[in-house]
Amino acid sequence: MALTADRNTVSRTGDVVNLPVAADEIIYKGALVALSATGYVMAGYTASTLIAIGRAEEYVDATGLADGVKTVTVSKGIFGFANSAATDNVTRANIGGLCYIVDDATVMKTASGKSAAGKVFDYDSVNNVVWVDMR
């Protein structure tokens with residue numbers, strides 16, 4: 001129903017969220033994490049069906065447990081992940097474009113069967129770190 005008076009609309013910043021973890025998943029603090037096709041958090045890995053959601057803020061071990069029994073705190077933001085050592089690594093020329101999940105600590109330039117990690121915010125060639133915008 002449309003408003004007929006002022007309303008105190010509830011809000012969330014969305015910077016940090018607590019989400020259910022997939023069955024049998026181990027997530028390390030600092031890991032690039034993504035949602036599976038069924039909506040549970042997993043450590044990033046090479047697959048085309050994941051939706052990157054941020055960085056894990058804690059270690060969670062759901063080994064032997066069903067989907068959603070454990071939760072993990074996930075932050076949104078700009079995070080530094082390792083650049084793939086493959087020939088398809090991110091460079092300064094990729095700033096503003098998408099990069100893709102290799103694993104829970106690594107990204108690369110081209111999709112080729114991978115899910116998007118986020119936009120390349122910056123690239124540190126000295127340390128080979130890709131700053132990924134996951135907001």
Side-chain angles (χ1 to χ4, degrees):
M1 173 174 260
L3 294 177
T4 58
D6 293 342
R7 177 178 187 255
N8 181 14
T9 304
V10 296
S11 66
R12 294 169 59 178
T13 63
D15 295 340
V16 178
V17 64
N18 202 5
L19 297 169
V21 175
D24 290 316
E25 193 69 19
I26 295 176
I27 297 174
Y28 293 95
K29 181 179 179 178
L32 184 160
V33 290
L35 292 176
S36 68
T38 56
Y40 292 95
V41 177
M42 304 183 76
Y45 68 98
T46 298
S48 62
T49 58
L50 301 177
I51 299 171
I53 55 166
R55 177 188 67 193
E57 293 302 311
E58 59 192 330
Y59 170 81
V60 176
D61 185 350
T63 303
L65 301 175
D67 286 338
V69 171
K70 293 241 178 161
T71 62
V72 63
T73 302
V74 177
S75 287
K76 300 255 184 207
I78 299 171
F79 306 109
F81 294 109
N83 197 3
S84 174
T87 57
D88 200 22
N89 57 345
V90 175
T91 67
R92 293 205 60 77
N94 303 115
I95 293 174
L98 291 175
C99 61
Y100 298 86
I101 302 170
V102 174
D103 58 37
D104 63 354
T106 313
V107 296
M108 72 183 324
K109 178 173 70 174
T110 303
S112 58
K114 295 170 185 62
S115 300
K119 282 191 177 182
V120 178
F121 180 80
D122 198 6
Y123 169 63
D124 174 355
S125 61
V126 174
N127 297 300
N128 203 26
V129 172
V130 179
W131 290 93
V132 182
D133 188 341
M134 301 181 81
R135 294 179 286 180

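Not measured: the values here are computed from a predicted model.
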Asks: State yes or no: do Tyr100 and Leu50 share one hydrophobic cluster built from I, L, V, M, F, W and Y residues joined by side-chain heavy-atom distances below 4.5 Å, directly or via other members?
Replies: no
Asks: Give a yes or no on this: more than 12 heavy atoms of other residues, nucleotides or ligands lie within 6.0 Å of atom OH of Tyr28.
Replies: no
Asks: Using side-chain heavy atoms (C-beta onward) and a distance below 4.5 Å, is Tyr123 in contact with Asn83?
Replies: yes
Asks: To the nearest 0.5 Å, what is the distance between CZ on Arg135 and CZ on Phe79?
Replies: 9.5 Å
Asks: Do you reckon Leu19 sits in the same ILVMFWY cluster as Val21, going by side-chain contacts under 4.5 Å, direct or chained?
Replies: yes
Asks: Same cluster or not: Leu32 versus Val130, using hydrophobic residues (I, L, V, M, F, W, Y) connected whenever any side-chain heavy atoms lie under 4.5 Å apart?
Replies: yes
Asks: Could you tell me whether the side chain of Thr13 reaches within less than 4.5 Å of the side chain of Lys76, counting heavy atoms only?
Replies: no
Asks: Spell out, yes or no, whether Val72 and Ile53 are grouped together once hydrophobic residues are joined by side-chain heavy atoms under 4.5 Å, including indirect joins.
Replies: yes
Asks: Would you check if Met108 and Val90 make a side-chain contact, meaning some heavy-atom pair closer than 4.5 Å?
Replies: no
Asks: What distance do Ile78 atom CD1 and Met134 atom CE have between them, rounded to the nearest 0.5 Å?
Replies: 11.5 Å
Asks: How long is the span from the CD1 atom in Ile26 to the NZ atom in Lys70, to the nearest 0.5 Å?
Replies: 10.5 Å
Asks: Under a 4.5 Å cut-off applied to non-hydrogen side-chain atoms, are Asp122 and Ile95 in contact?
Replies: yes
Asks: To the closest 0.5 Å, what do you measure between CD (Glu58) and OG1 (Thr71)?
Replies: 6.5 Å
